[in-house]
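Only one structure is covered here, and it is reproduced in the block below.
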Amino acid sequence: MAEGNSNRPTENGFHKTMGESGEDITWLKMQSQMGYHRIKSQAQQLKQDLRQTVLQELDALVDGFLEDVEQMEGKEGLSNNVSFSELRPSVSESRHESMIKKREDGELPDKVFMPRSSVLTDLFKIKDVKTIYHIFVAILIVFSLNTLVYDLINEGRLNLNFDLIRYGMGKFSKVMELWMCMNLSTLLVVYPGFYYWSMNRAPGQKIGGYDIAGACCYVLYQLVFLVWPIHYIKENALPPGSSIIVTAEQIRLMMKVHAFVRENITKVLAYKKDDNNQGPLCPDFSKYLYFLFIPTLVYRDTYPRTQSIRWSYVVSNFGQVLACLFYTYYIFERFLVPVFRNFGREHITAKALILSVFGSMLPATLVLVLGFFAILHSWFNAFAEMMTFADRMFYKDWWNSTSFANYYRTWNIVVHDWLYTYIYKDISKLFPQRRSLAMACVFLISAVAHEYVLIMCFKFFYPVLFVMFMGAGFGFIFFKGVGRGWNVFLWLMLIMGNGMLMCLYSLEWYARQRCPENTDNFLDYLIPRSWTCDFEAMES
């Protein structure tokens with residue numbers, strides 16, 4: 001007991017005994033509580049350290065395992081059509097080690113290309129999933145027969161004009177003319193300009209006036225490339241479908257140019273005269289030309305390639321694109337146009353608006369799915385096959401997502417990789433402690449790009465998509481569910497959102513066609529005519 005009491009407080013130099021004061025009991029309780037909190041704090045810290053270490057090691061092991069599996073799947077999925085001559089034997093091990101190092105250093109991992117098939121390509125090998133594909137083909141045949149029988153009975157002849165397609169894709173020669181000019185500008189301006197700047201820059205010098213002048217030329221080119229198609233579309237009054245083709249190609253080439261410059265400018269700036277291991281500062285023109293036409297927006301000097309081109313596969317994918325186009329035509333002609341036919345002729349009551357929204361939900365969602373299949377699967381796979389591009393992971397199983405965060409990451413891998421590599425990562429490097437800022441910038445850029453396409457398509461500003469994207473769309477990413485009920489919720493929001501978008505934009509479109517202009521200046525593009533149309537004056 002003497003040793004146990006040796007650390008107790010003293011009074012006048014003498015140790016207190018247990019019976020001297022009730023403060024001993026209080027002091028012992030305080031000491032016990034302090035020891036408890038200290039042990040608890042150390043245990044919590046140990047728990048966090050162990051969890052972080054285990055998660056890092058587990059993530060690295062799983063990533064390495066998935067890479068090996070995807071490479072094996074790529075061999076089978078591409079029918080042994082993959083050439084691994086450009087891949088080193090130890091690529092999986094070195095990639096595994098580099099990913100561990102990047103996570104330990106706090107850096108975000110880079111995009112890794114590997115031979116692999118698209119998700120639906122593998123799923124269509126399953127008989128039950130292939131049957132669903134056959135059902136959609138059968139429905140397309142029924143739609144076609146429906147139109148033929150309707151024309152024969154009501155008009156006594158076949159009416160195969162396809163007026164909606166002809167109108168939407170009108171002035172196609174003007175589209176191809178601008179497409180050629182835009183692609184030639186990227187070939188004859190961007191590459192020679194970057195080559196000249198990289199070859200004439202003194203190695204190892206700090207950023208100076210020469211670099212600033214090059215950056216100004218690059219920004220000026222992008223601004224001209226942004227304004228030029230806008231003026232062309234307005235000058236030639238391109239219809240909606242043709243306008244979408246032009247603006248989509250414009251955005252694609254701007255993203256490609258930025259990826260090429262962003263990936264190679266760091267090598268030029270870091271180049272030193274005595275660096276013997278440094279490769280060519282500016283990649284060969286053939287690499288740049290190949291990058292412009294493959295279905296990816298992230299630049300690399302080399303990509304996994306296939307050994308040959310399966311032309312039957314190319315033809316089948318282009319055939320699916322054409323089938324989806326006619327599928328969309330039948331949906332608009334039979335289900336959507338009748339719903340919106342009276343828009344712009346009379347006041348739309350709340351009852352009529354609600355019925356129109358719910359009446360267009362399923363057709364609009366089907367149009368979304370057809371657009372996904374036509375572009376992200378069929379079109380991209382066709383070009384990947386023609387360009388012997390082996391990495392066909394253009395999307396993931398977004399339809400199984402239980403959160404909008406996962407849906408945004410897996411819906412369009414091609415665009416997501418560009419946003420992640422050149423927007424999210426760069427902003428995260430500038431503001432390491434504010435990853436939420438980088439995420440908000442990614443959403444803002446994506447929302448502006450989507451709204452820009454619709455503005456050029458419809459020739460008016462009606463930011464319904466932008467509001468939904470930056471409002472509910474951005475807010476839903478913070479809801480992270482794991483059960484299948486969350487997947488039902490995601491699909492419910494997609495279906496309702498698509499119905500609202502289709503209905504509101506159609507309402508404004510028909511109002512623009514039938515209601516007189518509010519003003520003669522630029523404000524008419526900004527003021528919704530469906531809100532200000534004077535139907536009584538039109539009737540009188």
Side-chain angles (χ1 to χ4, degrees), residues 70 74 77-79 81-83 86 111 113-124 169 172 175-176 178-187 190-191 241-242 244-260 283 285-325 327-328 369-396 410-418 421 453:
E70 287 174 340
L78 295 173
S79 302
N81 199 31
V82 179
S83 172
E86 298 180 357
K111 165 71 176 179
F113 291 93
M114 63 186 70
R116 49 191 171 179
S117 300
S118 296
V119 176
L120 288 179
T121 302
D122 291 334
L123 287 178
F124 284 155
M169 306 295 292
F172 198 72
V175 174
M176 295 306 300
L178 181 59
W179 181 86
M180 288 292 296
C181 293
M182 289 193 297
N183 278 273
L184 286 175
S185 72
T186 60
L187 295 174
V190 176
Y191 185 85
S242 299
I244 289 178
I245 294 175
V246 169
T247 51
E249 188 67 7
Q250 174 197 23
I251 294 173
R252 183 186 74 89
L253 290 175
M254 291 181 70
M255 296 168 76
K256 291 262 190 182
V257 167
H258 181 76
F260 175 78
F285 180 75
S286 60
K287 295 179 179 179
Y288 176 69
L289 181 63
Y290 179 78
F291 170 63
L292 287 182
F293 291 97
I294 58 175
T296 182
L297 298 172
V298 178
Y299 177 81
R300 296 288 185 269
D301 288 334
T302 58
Y303 298 93
R305 305 282 292 271
T306 58
Q307 293 178 340
S308 60
I309 301 174
R310 299 169 293 172
W311 289 107
S312 60
Y313 184 73
V314 174
V315 173
S316 67
N317 276 287
F318 280 132
Q320 290 176 159
V321 173
L322 189 61
C324 288
L325 176 63
Y327 217 138
T328 304
V369 174
L370 288 171
F372 153 76
F373 184 79
I375 299 174
L376 294 176
H377 179 77
S378 300
W379 186 267
F380 283 2
N381 269 288
F383 269 88
E385 187 67 29
M386 287 192 296
M387 302 300 295
T388 66
F389 182 71
D391 193 339
R392 313 286 173 87
M393 188 60 68
F394 309 125
Y395 56 90
K396 294 183 180 179
T410 55
W411 159 261
N412 189 340
I413 297 294
V414 178
V415 174
H416 171 268
D417 286 340
W418 188 90
T421 303
V453 172

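Since we're looking at a predicted model, the values are computed, not measured.
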Measuring only between side-chain heavy atoms, which start at C-beta, is Val414 closer than 4.5 Å to Arg252? no
Flag the pair Leu297 / His258 as yes when at least one side-chain heavy-atom distance between them is below 4.5 Å, and no otherwise. no
How close do Thr421 and Asp417 get, heavy atom to heavy atom, and via which atoms? OG1-O, 2.7 Å
Are the side chain of Glu385 and the backbone N or O of Val314 linked by a donor-acceptor pair below 3.5 Å? no
Residue pair Leu325 / Thr328, side-chain heavy-atom distance below 4.5 Å: no
Going by the rule side-chain contact (heavy atoms from CB on, under 4.5 Å), which residues pair with Trp379 if we only count those two or more places apart in sequence or in a different chain? Phe318, Val321, Phe383
For Tyr395 together with Phe372, are the ring centres under 6.0 Å from each other? yes
Check whether Phe113 forms a cation-pi arrangement with Lys111 (NZ or CZ under 6.0 Å from the six-membered ring centre, at most 45° off the ring normal). yes
Check the angle between the aromatic planes of Tyr303 and Tyr290 and answer parallel, tilted or perpendicular using the 30° and 60° thresholds. tilted
Which heavy-atom pair separates Ser242 from Met169 by the least distance, and what is that distance? OG-C, 3.4 Å
Does any non-hydrogen side-chain atom of Phe293 lie less than 4.5 Å from one of Asn183? yes
Can you tell if the side chain of Ile375 reaches within under 4.5 Å of the side chain of Phe380, non-hydrogen atoms only? yes
Search all heavy atoms of Tyr313 against all heavy atoms of Thr121 and return the closest pair with its distance. OH-OG1, 3.7 Å
Could you pull out the closest heavy-atom pair between Ile309 and Met386, with the gap in Å? CD1-O, 3.3 Å
Please determine which of Ile413, Val415, Asn381 meets the side-chain contact (heavy atoms from CB on, under 4.5 Å) test together with Phe394. Asn381
To the nearest 0.5 Å, tell me how far Cys181 SG sits from Met176 CE. 11.0 Å
Please identify each residue that fulfils ring pair (Phe, Tyr, Trp, His ring centres under 6.0 Å) with Phe172, with sequence neighbours left out. none
For the residue pair Gln307 and Thr388, establish whether any side-chain heavy-atom pair is separated by less than 4.5 Å. no
Which pair of non-hydrogen atoms, one from Ser118 and one from His377, has the smallest distance, and what is that distance? CB-ND1, 4.0 Å
What's the separation between atom CE in Met387 and atom CZ in Arg305, rounded to the nearest 0.5 Å? 7.0 Å
If we only count heavy atoms from C-beta on, is the Lys287 to Tyr299 side-chain gap below 4.5 Å? yes
Does any non-hydrogen side-chain atom of Leu292 lie less than 4.5 Å from one of Thr186? yes
Checking Lys256 now: which residues fulfil salt bridge (Lys or Arg N to Asp or Glu O under 4.0 Å) with it, not counting sequence neighbours? none
Exercise: identify the closest heavy-atom pair between Gln320 and Ser378: NE2-OG, 2.9 Å
Should the heavy atoms of other residues, nucleotides or ligands under 6.0 Å from CD1 of Ile245 be counted, would the total exceed 12? yes
CD1-CD distance between Ile251 and Glu249, expressed to the nearest 0.5 angstrom: 10.5 Å
